[in-house]
Number of protein chains: 2
Amino acid sequence: MTIEPRLDIIGAALADPSRSRILCELMDGRAFTNKELACAANVSPQTASAHLKQLEQAGLTASLRNGRHVYHRIANAEVAAILEGLAQLSPTDHLSRPGQIGTDTRQARSCYNHIAGRLGVLMTDRLIALNVLMVRDDTICAGPRYHAFLDEIGIEAPLGSLGKPPAKFCLDWTERRHHISGPLATAIMQKFLEAHWLERRTGSRALNITAEGLDVLECQFGLTQVDIDLVDPV
Amino acid sequence: MTIEPRLDIIGAALADPSRSRILCELMDGRAFTNKELACAANVSPQTASAHLKQLEQAGLTASLRNGRHVYHRIANAEVAAILEGLAQLSPTDHLSRPGQIGTDTRQARSCYNHIAGRLGVLMTDRLIALNVLMVRDDTICAGPRYHAFLDEIGIEAPLGSLGKPPAKFCLDWTERRHHISGPLATAIMQKFLEAHWLERRTGSRALNITAEGLDVLECQFGLTQVDIDLVDPV
DNA sequence: ATCTTAATTTGTTCACTGCCGAAGCGTTCG
DNA sequence: CGAACGCTTCGGCAGTGAACAAATTAAGAT
């Protein structure tokens with residue numbers, strides 16, 4: 001009389017190559033239109049529309065109407081985290097378009113709408129070490145240096161609703177450690193992209209760190225090039 | 001020229017109700033025969049055989065021949081963790097057999113071959129606090145009290161290969177915190193079951209804590225009934 | 001040696017679903 | 001207002017795969 005999870009429902013949503021391509025395309029956290037995704041998956045708009053309908057019904061994506069365009073994105077950070085996990089588990093296709101989980105994405109990449117990879121994990125560690133964030137019982141709250149940090153980096157203050165934690169832990173499947181997600185993490189990535197401290201590598205979730213970005217990471221986070229390049233043997 | 005994860009391959013393996021049932025059945029970490037799983041999924045042995053072949057090819061399960069029986073189990077702790085995550089994401093079927101992820105499994109349940117749920121997380125915390133395990137850089141190694149603990153609880157020493165960590169972190173999707181997996185975690189659960197400190201609830205991954213088990217948890221881990229019953233508001 | 005039981009292989013049936021062409025609806029732009 | 005564009009719905013075709021029956025292989029049990 002109790003409950004059994006229906007893995008097959010999620011499974012069915014994932015079970016098609018075109019939908020897999022679409023999800024990978026969305027995994028960098030940006031929203032795309034039906035047509036763009038149809039193109040990415042190499043199918044007609046009608047077909048893509050059907051796929052997106054199915055993904056949405058399965059709760060994997062969400063859509064937003066804007067004029068005659070409909071933008072689709074990953075439903076939430078939870079879904080993004082699971083998909084990252086599945087991507088680690090699944091075989092990879094060497095013949096297809098430029099890469100999602102390649103060697104180049106291990107250093108820094110976007111996960112949904114925040115920074116993941118080695119850089120994401122390191123930044124998270126430093127934010128805690130620098131008292132910007134505090135951890136108690138695995139929930140994250142603002143630390144004494146929280147507002148000072150936002151000022152210095154140039155993010156205006158009220159993030160998320162009052163009383164709610166500004167960030168949550170999100171498991172990083174390549175680093176096998178936590179990075180942060182949530183409003184603060186989103187704001188940080190947005191700021192880094194706007195200020196050109198980070199740049200998206202085209203057609204990929206990989207992020208390039210610019211020279212200015214390296215300065216900021218050193219001054220604000222105490223992270224050097226060496227820290228970031230270091231790849232730990234697995 | 002780089003790589004894109006093929007979510008559809010794993011998805012296809014999950015995409016069938018019978019296979020979903022089979023995986024849920026296996027999720028308690030025990031191994032079952034083809035016939036048992038066929039029965040659990042309400043299909044003929046031929047059909048189950050085909051399903052298990054498919055699951056194995058997708059890397060989700062592994063099989064072991066023993067006489068004329070073939071035992072199937074979840075391939076590894078990684079797969080188990082991902083499946084737990086997916087189960088959290090997927091809708092649940094109220095009409096089917098007794099429960100996998102019900103309210104009763106939040107307190108204590110088996111995950112693959114170690115203890116998960118609130119109890120798993122608490123035990124992990126205590127093992128670290130009591131210097132049985134030490135954490136450095138998110139890898140776990142034996143602490144000063146490691147061998148003393150094994151002695152006291154009655155587990156003979158050499159766990160896993162020398163130099164390898166005796167345990168790894170495994171994300172707990174209901175508690176949203178880590179519990180341990182790996183040789184130590186497996187040995188602990190086995191000991192708890194053999195000594196009847198924990199008992200499997202029939203047809204479920206839920207674990208019952210016995211009176212003797214409560215004693216052990218209090219003496220060895222410093223955990224009381226109150227700690228374990230406490231359910232944190234989400 | 002013979003019977004029983006477990007697992008698999010093969011063949012067939014049947015339902016489902018991905019795909020696109022054609023058509024319909026709604027928004028935007030000239 | 002009409003043309004262009006984006007998205008969706010509908011219909012038909014083709015490919016896939018889940019189901020079981022029957023037959024095969026293999027390992028105990030008597």
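Each chain gets a letter, A, B and so on, in the order its sequence line appears, and its residues count up from 1. As a basis for the values below, the full set of heavy atoms in this structure was taken, side chains included, without hydrogen atoms, waters or symmetry mates.
- The nearest heavy atom of DNA chain D to A/Glu36 and to B/Ala15 marks one nucleotide each, and the one closer to the 5' end goes with A/Glu36.
- Using a 4.0 Å cut-off, some side-chain N or O of A/Thr47 falls inside it from OP1 or OP2 of C/dC20.
- In summary, the side chains of B/Thr33 and B/Glu36 do present a donor paired with an acceptor at a separation below 3.5 Å, with no hydrogens or angles considered.
- Look at CD on B/Gln46: it is 12 Å from C1' on C/dA6, rounded to the nearest Å.
- Between B/Arg68 and C/dT8 there is no side-chain polar atom (N or O) within less than 4.0 angstrom of OP1 or OP2.
- The interatomic distance linking B/Asp8 (CG) with C/dT17 (C1') rounds to 15 Å, in whole Å.
- Rounded to a whole Å, the NZ atom of A/Lys53 is 15 Å from the P atom of C/dC19.
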Mind running side chain to side chain contact (heavy atoms under 4.5 Å, CB included) on A/Leu198 and A/Ile115 for me, showing each step along the way?
CA-CA 10 Å; A/Leu198 285 176; A/Ile115 300 170; 3.6 Å; yes

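- In this structure, A/Ile9 places its CD1 atom 16 Å from C1' of C/dC16, rounding to the nearest Å.
- Salt bridge A/Arg109/A/Glu84: present, at least one basic N to carboxylate O contact under 4.0 Å.
- Taking CG of A/Leu37 as the reference point, atom NE2 of A/His72 lies at 7.0 Å (rounded to 0.5 Å).
- The separation between A/Leu14 atom CG and C/dT17 atom P is 15 Å, rounded to whole Å.
- Remark: A/His51 is not in phosphate contact with C/dT17, judged by side-chain N or O atoms under 4.0 Å from OP1 or OP2.
- Take the nearest nucleotide of DNA chain C for A/Arg65 and for A/Arg19: the residue whose nucleotide is more 5' is A/Arg19.
- C/dT17 atom C1' lies 14 Å from atom CG of A/Leu55, rounded to whole Å.
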Assess whether side chain to side chain donor-acceptor pair (under 3.5 Å) is satisfied between A/Thr61 and A/Glu56, documenting all intermediate values.
CA-CA 5 Å; A/Thr61 63; A/Glu56 188 162 356; 5.0 Å; no

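- Here B/Asp8 does not pair with A/Arg19 in a salt bridge; the nearest charged N to carboxylate O distance is not below 4.0 Å.
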List the steps, then state whether side chain to side chain contact (heavy atoms under 4.5 Å, CB included) holds for B/Phe149 with B/Ile188.
CA-CA 11 Å; B/Phe149 170 79; B/Ile188 289 177; 4.2 Å; yes

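- Reading DNA chain D from its 5' end, the first and the last nucleotide to sit under 4.0 Å from a heavy atom of chain B are D/dA18 to D/dG28.
- Whole-Å rounding puts the B/Leu37 CG to C/dT8 P distance at 11 Å.
- Following rounding to the nearest Å, B/Tyr71 (OH) and C/dT8 (P) show an atom-to-atom distance of 13 Å.
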